[in-house]
Amino acid sequence: MMAVVVLGSINMDLTTYVPRLPAPGETLFGSAFITVPGGKGFNQAVAAGRLGAPTQFIGRIGDDAFGKGVLELVADEPVDISGISVDSNVGTGLAVISVDEAAENAIIVISGANMAHDSREVARTRKTLQSAKVLLLQMESPLETSLAAATVARELGATVIFDPAPAKPLPPEAYQLAQVMTPNELETEVLVGFRPTNQAEAAKAADILLERGVDTAVIKLGAQGVYYQSATESGFVEPFTVNAIDTVAAGDAFNGGLAVALAEERPLPEAIRWGAAAGALATTKPGASSAMPTRTELESLLKK
Ligand code: RIB
C-alpha cells in the first residue's frame, strides 16, 4: 500500500560550490564538487519517503553510466523505485548546478529520459494509485503525461499536488485538475503575470489561481514565508530559522512534507507548516535528494 505516488524527473545532479555565481564569460574557482541524485520528482519522493510515507517514484532513466550511477545511489532510500524504467534511446537526465556562498543556486537541466515519459508512466501511476492518497507532479516531464496522470488520480479519489516548477504558462485543465498548486514567487509571476512580494499580493495571486479551478493555492515567498488560500480558509506560515548553506531542492522538500501531511489527513495549516519546516531543513545540507530531511528532524524543528 502506497500513501504517496510521485511521477516526475530523476537526474544526476553535478553540483559545484562557488563563491558567487559566475558572470558571462568568467572563469571561477569552485571550492567543492558533488554528484548526487536529483530531479524535482525524485527529490520530492525521497522527502516523502524519509518523512515516513510509503512512497513510490515513477520515472525514466537512460541506459548509460549516469543512469547506473543514479540507481546505485538511490538504492538505500526509503522509496519504492520499481517504477523507474530504463530507456535505451535517450540519456539519463542531468542537472548542472552552482551554489554560491549565500546558499543561492543556478540550475541547468538536460531533460533526457524525463521528457520521454508517455502512456507507460501513466499506466504505472494508475496501478499504484489504486491504494495511494496523494499524487505529486512537477513540470520536468511532459505536461501531457502529468495531466493524464492527474486525470487518473481524480478518478481514483487521490489528491493531486501540482508543483508548477520550472514554470511555464499552463492550459486551463492543469488548474482544474490540481487540487493543490504550490508555486514560488517566480513561478507565480509566470502563471498570473505579477510577482507577489508580500501577503496581500500573494492573496491576489491566489484569488486568480482559485478562479482558474485550483482548490488550494500555496504561494511560497522564499525567506518571507508561505501564504495559502482555499475557498474556506487562508493563512500565512512564517519561515523557520535555520542555517542555510544550499537552497537546492528546498521547494521539493516543501512539496514532500506537504504531501505526507495531507496523506496523514492533517489540517491544511499544519500541512503547510510541515512543508515549510521540510523546506527549511533541506537548506541546511548539501545536495538535492541527499538534503531531504528525516521525520525526526522535521518533528524536532516543528516543536521549536
Ligand atoms: O529542485 C532541484 C532540482 O532541480 C535538482 O535536483 C535538479 O536535478 C533539478 O531538477
Side-chain angles (χ1 to χ4, degrees), residues 6-18 21 33-50 57-62 64 66-67 69-71 73-74 77 79 81 84 90-100 103-117 136-143 145-146 161-168 181-188 190 218 220 222 244-259 275-276 278-293:
V6 185
L7 167 61
S9 57
I10 179 164
N11 295 329
M12 184 65 101
D13 285 3
L14 313 174
T15 304
T16 55
Y17 291 87
V18 286
L21 300 178
F33 172 71
I34 56 170
T35 53
V36 291
K40 296 188 194 303
F42 186 69
N43 297 337
Q44 294 180 15
V46 172
R50 288 189 183 178
F57 173 72
I58 293 167
R60 214 184 270 218
I61 56 173
D64 53 19
F66 284 123
V70 161
L71 283 186
L73 289 167
V74 304
E77 293 294 350
V79 174
I81 55 164
I84 300 180
V90 273
T92 299
L94 293 177
V96 180
I97 302 178
S98 300
V99 178
D100 72 14
E104 269 315 326
N105 67 77
I107 303 179
I108 296 168
V109 171
I110 304 295
S111 295
N114 299 311
M115 277 297 171
H117 289 183
L136 260 171
L137 299 166
Q138 322 74 34
M139 292 185 53
E140 289 186 329
S141 45
L143 184 60
T145 316
S146 296
I161 303 179
F162 192 103
D163 174 21
K168 63 176 183 182
M181 194 171 275
T182 59
N184 65 21
E185 64 266 64
L186 298 178
E187 291 148 6
T188 302
V190 174
V218 179
K220 294 172 282 174
I245 59 158
D246 178 345
T247 51
V248 171
D252 300 330
F254 179 95
N255 282 286
L258 177 66
L281 285 165
T283 69
T284 64
K285 294 183 202 162
S289 60
S290 48
M292 299 297 107

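Order of listing sets the numbers, starting from 1, for every ligand and every atom in it.
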Q. Under 4.5 Å between any side-chain heavy atoms of Ile34 and Tyr17, yes or no?
A. yes
Q.
Which residue and atom name correspond to the protein heavy atom nearest atom 5 (C) of ligand 1, and how close is it?
A. Asp13 OD2, 3.3 Å
Q: List the atom of Met139, the atom of Lys168, and the distance in Å for their closest heavy-atom pair.
A: CE-CG, 3.4 Å
Q: Check whether any side-chain N or O of Thr35 sits under 3.5 Å from a backbone N or O of Thr15 as a donor-acceptor pair, and report yes or no.
A: no
Q. Which residue and non-hydrogen atom of the protein lie closest to atom 3 (C) of ligand 1, and at what distance in Å?
A. Asn43 ND2, 3.6 Å
Q: Check each atom of ligand 1 against the heavy atoms of Asn11 and keep those under 4.0 Å away; list them by number with element.
A: 7 (C), 8 (O), 9 (C), 10 (O)
Q) Are any side-chain N or O atoms of Asn105 and backbone N or O atoms of Ile97, one a donor and one an acceptor, separated by less than 3.5 Å? A) no
Q | Atoms in ligand 1 flagged as close to Ala288, the criterion being non-hydrogen separation under 4.0 Å | A | 6 (O)
(Q) Checking a contact table here: which protein heavy atom is nearest atom 4 (O) of ligand 1, and how many Å away? (A) Lys40 NZ, 3.2 Å
Q. Gly39: heavy atom below 4.0 Å from ligand 1, yes or no?
A. yes
Q. With atoms numbered from 1 as shown, which atoms in ligand 1 lie under 4.0 angstrom from a non-hydrogen atom of Glu140?
A. 4 (O), 9 (C), 10 (O)
Q.
Give me the residue, atom name and distance of the protein heavy atom closest to atom 1 (O) of ligand 1.
A. Asp252 OD2, 2.7 Å
Q. Between Ala259 and Leu136, which heavy-atom pair has the shortest distance, and what is it?
A. CB-CD1, 3.7 Å
Q. Any donor-acceptor pair under 3.5 Å linking the side chain of Thr247 with the backbone of Thr283?
A. no
Q: Please could you name the atoms of ligand 1 that Gly38 approaches to less than 4.0 Å, counting only its heavy atoms?
A: 6 (O), 8 (O)
Q) Just by distance, do the side chain of Asp246 and the backbone of Gly287 share a donor-acceptor pair under 3.5 Å? A) yes
Q | Per-atom contacts, ligand 1 versus Ala95 - under 4.0 Å to a heavy atom | A | 7 (C), 8 (O)
